[in-house]
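Have a look at the structure below before the remarks.
Worth knowing before you read on, the calculation uses all heavy atoms, side chains too, and leaves out hydrogens, waters and symmetry mates. Position 1 is the first residue of the sequence; numbering continues from there.
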Amino acid sequence: MDDADVCNAVSKSKTPIVIIHGTKDKFVPYYMAEEICRSCKSDVELLTVVGAGHAMSFYQDNELYIKTMDEFLKRTLKNHGIFCLFLEV
């Protein structure tokens, strides 16, 4: 099975995307989140959580996480309807 090419997949998507990534992620390097963002052709937002490890962003800064998701979902539902993609790496 080939590795998933996230950059290629998001470059074809018209779905709004929020990417949440911690700066201390040792499993998926932070630069990969930036590459994914640059590849997006749709509305995209990158939430950088300073000091968060892999999939630990909510626990590192839950107020920022909830605020970002709340604003993203409200904006996305208002502008695009129900479809959006949430990606935490």
Using a 3.5 Å cut-off and no angle test, enumerate the donor-acceptor pairs between side-chain atoms of residues 30-40 and protein atoms at least two apart in sequence or in another chain.
{"unit_1": "Tyr30", "atom_1": "OH", "unit_2": "Thr48", "atom_2": "OG1", "d": "2.4"}
{"unit_1": "Ser39", "atom_1": "OG", "unit_2": "Glu35", "atom_2": "O", "d": "2.9"}

Looking at [X] and [Y], what are the two nearest heavy atoms and their distance?
{"X": "Glu45", "Y": "Thr68", "answer": "OE2-CG2, 3.3 Å"}
{"X": "Ser42", "Y": "Ser13", "answer": "CB-O, 3.6 Å"}
{"X": "Ile17", "Y": "Thr15", "answer": "CG1-O, 3.2 Å"}

Could you walk me through whether Leu47 and Met69 satisfy the side chain to side chain contact (heavy atoms under 4.5 Å, CB included) test, starting with their C-alpha distance in whole Å, then the side-chain angles of each, then the deciding distance to 0.1 Å, before giving a yes or no? CA-CA 9 Å; Leu47 169 59; Met69 288 304 301; over 6 Å; no
Tyr65 and Val50: same hydrophobic cluster, using ILVMFWY side-chain contacts below 4.5 Å?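 Unlinked, Tyr65 and Val50 end up in two clusters.
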Separation of Asp5 CG from Lys12 NZ (nearest 0.5 Å):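 If I round to the nearest 0.5 Å, the distance is 8.0 Å.
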Counting only N and O atoms by type, is there a donor-acceptor contact under 3.5 Å from the side chain of Asn79 to the main-chain atoms of Arg75?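 Checked: pair present.
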How would you list, by chain and number, every residue that makes a salt bridge (charged side-chain N to carboxylate O under 4.0 Å, His left out) with Lys67, sequence neighbours excluded?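 Salt bridge (charged side-chain N to carboxylate O under 4.0 Å, His left out) list for Lys67, sorted by chain: Glu71.
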Kindly indicate, with the supporting measurements, whether the criterion side chain to side chain contact (heavy atoms under 4.5 Å, CB included) is fulfilled by Asp43 and Thr76. CA-CA 9 Å; Asp43 293 338; Thr76 299; over 6 Å; no
